[in-house]
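Both backbone and side-chain heavy atoms feed into the values below; hydrogens, waters and symmetry mates do not.
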Amino acid sequence: MNFFSIKTTWTNAEFIPLKLCIASAYLLVGAYFHNFFSKYYILIIILFVVTVIWAVYLWVSKMKIEKHE
């Protein structure tokens, strides 16, 4: 199965977990370079992990639904 050739449609609400995932990754980079975010490092990592799992789950479930149609 080639994941990159399957086309899916996303609503703006479905992009929220993906955007949170990307934003938390940027904050992780910022935490590495700046002391301001270092206090929140564990919270940012938790947010990143949760949103990655959420975004991947939504993506895979959407691909399965559209494959059956």
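Through direct or relayed side-chain contacts under 4.5 Å between Ile, Leu, Val, Met, Phe, Trp and Tyr, Ile42 connects to Ile46, Val50. Other members of a hydrophobic cluster containing Leu47 are absent, since no ILVMFWY side chain comes under 4.5 Å of it, directly or through relayed contacts. In the hydrophobic clustering, where aliphatic and aromatic side chains (Ile, Leu, Val, Met, Phe, Trp, Tyr) are joined below 4.5 Å either directly or transitively, Leu43 stands alone.
When hydrophobic clusters are built by joining Ile, Leu, Val, Met, Phe, Trp and Tyr residues whose side-chain heavy atoms come closer than 4.5 Å, directly or via intermediates, Ile53 is grouped together with Ile45. One hydrophobic cluster, built from ILVMFWY side chains closer than 4.5 Å, cannot hold both Leu58 and Leu20; they sit in different ones. A continuous path of Ile, Leu, Val, Met, Phe, Trp and Tyr side chains, each step under 4.5 Å between heavy atoms, connects Ile44 with Val49, placing both in one hydrophobic cluster.
Scanning for side-chain contact (heavy atoms from CB on, under 4.5 Å) contacts around Ile22 gives Leu18, Tyr26, with sequence neighbours left out.
Contact detail for Val52 and Cys21: the closest heavy-atom pair is CG2-SG, 3.2 Å.
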